[in-house]
J.: 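The structure that follows is given in the form of structure tokens.
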Amino acid sequence: MSKITIIGAGSVGATIANDAVIMGIASEVVLIDVKKDKAYGEALDIYQGTRYCSPAIVRSGDYADAEGSDIVVITSGIARKPGQSRLDLIQTNAGIIKDITKQIVAHAPDAIFIIVSNPVDVLTYIFHRASGIPENRIIGTGTSLDTARLQTELARYFHITPRNVHAHVYGEHGDSSFVPWSLARIGNNRIEDLKRMGSKGVPTDWDYNYEAMENFVHNSGAEVIRTKGATFYAIAISVCNICKCILTGIGTALTVSTMMHGEYGIDDVCLSTLTVVDRKGVCYKVPNELTEEELRKLRNSADRLKEVIAQVNL
């Protein structure tokens, strides 16, 4: 039996709730939103489909209904408005997160908290500072979606299941993120070696462009927004995967945003590196050996996030 509370019943929050039911990872899902009718309608719509899924209770409620939650997922926030600066948006969403934090922690102090709202690394840091929750129970989705985009695109190119693609996106969930290509493997082989070995399925004219792939990852979200108006399916399934990894209790390495304490020479900021999560939340960070250039990029990403945090009224 597991209970997941989702704060924010917009497209992302509602899709997370629906996916959690379909995947059978929660026996109870609670949707909370300031628009109570919206939360009620989404919960009712999802619940009426549980006849064809694993048995689950899906309902709307208030913060008090989060009591006993194993996981609390926070998706609330506003999108950037025309003429609004990025800093103004961050300050507004920071205020929303701080208000939510005071209310939800009082009712679900033992939950593991997953921050989805953007800018996710900054808001994960703010949640740390405002909540008093032990750090192992605070996880930002970070570059988990970016990593999924990278792995599925590499899988498409190399004609292989994404499960056999081991390549990840590090840093912030934003423009300063990067791929540590020195760690990337396709079916246990370095990408550079695949052509040399004459692997079947690898194009004979292979001339892979790492920069182009990273640009693809950076621009994917904007492309989805341009063509359909919003992104929610991929981030929802990414969140549900994190929930599944937590609830199964089997240590799983994920690129999620967590507080740094000197790893790679980085301190007092939340960003994504490969991190093992289990039933207790954050178990440990995988100490990968990065090249000097990769270290520079990771530290640059941390510095950029710190510059933003320094301007936010915490």
Side-chain angles (χ1 to χ4, degrees), residues 119-122 124-125 128 135-136 138-155 157-158 160 162-196 207-220 238 241-242 245 251-278 281-309:
V120 64
D121 302 293
V122 174
T124 300
Y125 182 88
H128 272 277
E135 290 186 0
N136 66 294
I138 303 172
I139 298 171
T141 51
T143 60
S144 57
L145 174 55
D146 309 77
T147 291
R149 288 168 171 161
L150 171 70
Q151 291 176 346
T152 52
E153 183 65 6
L154 286 171
Y157 189 88
F158 288 106
I160 195 170
R163 294 180 181 274
N164 292 147
V165 176
H166 301 284
H168 303 86
V169 179
Y170 276 34
E172 73 159 325
H173 175 55
D175 292 341
S176 71
S177 67
F178 71 99
V179 179
W181 292 107
S182 68
L183 304 176
R185 299 291 185 272
I186 307 291
N188 270 357
N189 291 289
R190 294 186 304 171
I191 294 176
E192 294 87 346
D193 292 339
L194 289 175
K195 181 181 178 182
R196 178 181 58 79
D207 184 18
Y208 205 73
N209 188 319
Y210 291 143
E211 183 179 356
M213 174 55 68
E214 292 192 29
N215 287 337
F216 170 84
V217 172
H218 288 155
N219 296 328
S220 285
S238 297
N241 180 62
I242 296 170
C245 292
T252 307
L254 304 170
T255 46
V256 289
S257 187
T258 59
M259 184 69 78
M260 302 295 285
H261 289 289
E263 300 89 354
Y264 306 104
I266 298 169
D267 189 60
D268 195 35
V269 70
C270 295
L271 50 67
S272 292
T273 60
L274 207 54
T275 301
V276 173
V277 300
D278 61 12
V282 176
C283 185
Y284 64 89
K285 295 180 178 66
V286 180
N288 293 123
E289 184 175 347
L290 303 179
T291 67
E292 285 300 319
E293 177 65 11
E294 290 164 354
L295 275 173
R296 185 194 66 76
K297 290 180 178 180
L298 186 61
R299 291 167 182 167
N300 172 67
S301 195
D303 289 341
R304 288 185 55 171
L305 285 167
K306 286 184 177 183
E307 289 172 4
V308 173
I309 291 170

J.: Please give me the minimum heavy-atom distance between L271 and G171, naming the atom from each residue.
T.: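 Taking L271 first and G171 second, the nearest heavy atoms are CB-O, 3.7 Å.
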J.: Going by salt bridge (Lys or Arg N to Asp or Glu O under 4.0 Å), name the residues that satisfy it together with E294, two or more places apart in sequence or in a different chain.
T.: none
J.: What class does the angle between the rings of Y264 and Y170 fall in, given that below 30° is parallel, 30 to 60° is tilted and above 60° is perpendicular?
T.: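 Perpendicular, since the angle between the ring planes exceeds 60°.
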J.: How long is the span from the NE2 atom in H168 to the CG atom in D146, to the nearest 0.5 Å?
T.: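 Answer for the NE2-CG pair, H168 versus D146, is 12.0 Å.
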J.: Measuring from atom CD1 of I191 to atom CZ of F158, what distance do you get when rounded to the nearest 0.5 angstrom?
T.: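 Going from CD1 on I191 over to CZ on F158, the span is 5.0 Å.
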J.: Which pair of heavy atoms, one from S144 and one from I242, lies closest together, and at what distance?
T.: OG-CD1, 4.0 Å
J.: What are the two closest non-hydrogen atoms of L274 and A253, and how far apart are they?
T.: CG-CB, 3.9 Å
J.: D268: which residues meet the salt bridge (Lys or Arg N to Asp or Glu O under 4.0 Å) condition with it, sequence neighbours left out?
T.: R129
J.: Could I get the full list of salt bridge (Lys or Arg N to Asp or Glu O under 4.0 Å) partners for K306, not counting sequence neighbours?
T.: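 In terms of salt bridge (Lys or Arg N to Asp or Glu O under 4.0 Å), with neighbours along the sequence ignored, K306 is linked to no residue.
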J.: Can you measure from OG1 (T252) to CG (D278) and round to the nearest 0.5 angstrom?
T.: 8.5 Å
J.: Checking S301 now: which residues fulfil side chain to side chain donor-acceptor pair (under 3.5 Å) with it, not counting sequence neighbours?
T.: S176
J.: Taking atom OG of S272 and atom CG of D121, what is their separation to the nearest 0.5 Å?
T.: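 If we round to the nearest 0.5 Å, S272:OG and D121:CG are 5.5 Å apart.
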J.: Could you tell me whether the side chain of L305 reaches within less than 4.5 Å of the side chain of V122, counting heavy atoms only?
T.: yes
J.: What's the shortest heavy-atom distance between A302 and I266, and which atoms?
T.: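 Shortest heavy-atom separation between A302 and I266 comes out as CB-CG2, 3.7 Å.
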J.: Once side chain to side chain donor-acceptor pair (under 3.5 Å) is applied, do any residues pair with T152, and if so which ones, sequence neighbours excluded?
T.: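 By the side chain to side chain donor-acceptor pair (under 3.5 Å) rule, T152 matches no residue at all.
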J.: Partners of T147 by side chain to side chain donor-acceptor pair (under 3.5 Å), sequence neighbours excluded?
T.: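 Expected list: T255.
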J.: Output all residues satisfying side chain to side chain donor-acceptor pair (under 3.5 Å) with R296, sequence neighbours left out; order by chain, then residue number.
T.: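 So R296 forms a side chain to side chain donor-acceptor pair (under 3.5 Å) with E293.
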J.: Check side chain to side chain contact (heavy atoms under 4.5 Å, CB included) between E307 and all other residues, then give those that pass, not counting sequence neighbours.
T.: none
J.: Please list, chain by chain and in numerical order, all residues satisfying side chain to side chain contact (heavy atoms under 4.5 Å, CB included) with A167, sequence neighbours excluded.
T.: L150, L154, V165, A184
J.: Quick one: list whatever passes side chain to side chain contact (heavy atoms under 4.5 Å, CB included) with N136, sequence neighbours left out.
T.: P134, K280, V282
J.: Any side-chain heavy atom of L254 within less than 4.5 Å of one from C245?
T.: yes
J.: Measure the spacing between CG of N219 and CD of E214 and express it to the nearest 0.5 Å.
T.: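 So the CG of N219 and the CD of E214 are separated by 11.5 Å.
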J.: Could you list all the salt bridge (Lys or Arg N to Asp or Glu O under 4.0 Å) pairs where at least one residue sits in residues 253-263, not counting sequence neighbours?
T.: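 Sorted pair list: E263-K285.
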J.: Going by heavy atoms in the side chains, are Y210 and M213 under 4.5 Å from each other?
T.: no
J.: Among N300, L298, V217, which residue meets the side chain to side chain contact (heavy atoms under 4.5 Å, CB included) test with F178?
T.: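 Of the listed residues N300, L298, V217, the side chain to side chain contact (heavy atoms under 4.5 Å, CB included) partner of F178 is L298.
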J.: Run L290 and L183 through side-chain contact (heavy atoms from CB on, under 4.5 Å) and show every step you take.
T.: CA-CA 8 Å; L290 303 179; L183 304 176; 3.7 Å; yes
J.: Taking atom SG of C270 and atom CD of E135, what is their separation to the nearest 0.5 Å?
T.: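 If I round to the nearest 0.5 Å, the distance is 7.5 Å.
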J.: Identify, with sequence neighbours excluded, every residue that meets side chain to side chain contact (heavy atoms under 4.5 Å, CB included) alongside D175.
T.: R304
J.: Take V286 and T273 through the test side-chain contact (heavy atoms from CB on, under 4.5 Å) and record every step on the way to the result.
T.: CA-CA 8 Å; V286 180; T273 60; over 6 Å; no
J.: Over all heavy atoms of both residues, which pair between G140 and V256 is shortest? Give the atoms and the distance, please.
T.: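 That would be O-CB, 3.4 Å.
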J.: Quick one: closest heavy-atom pair of E172 and S177, and the distance?
T.: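 Looks like O-CB, 3.0 Å.
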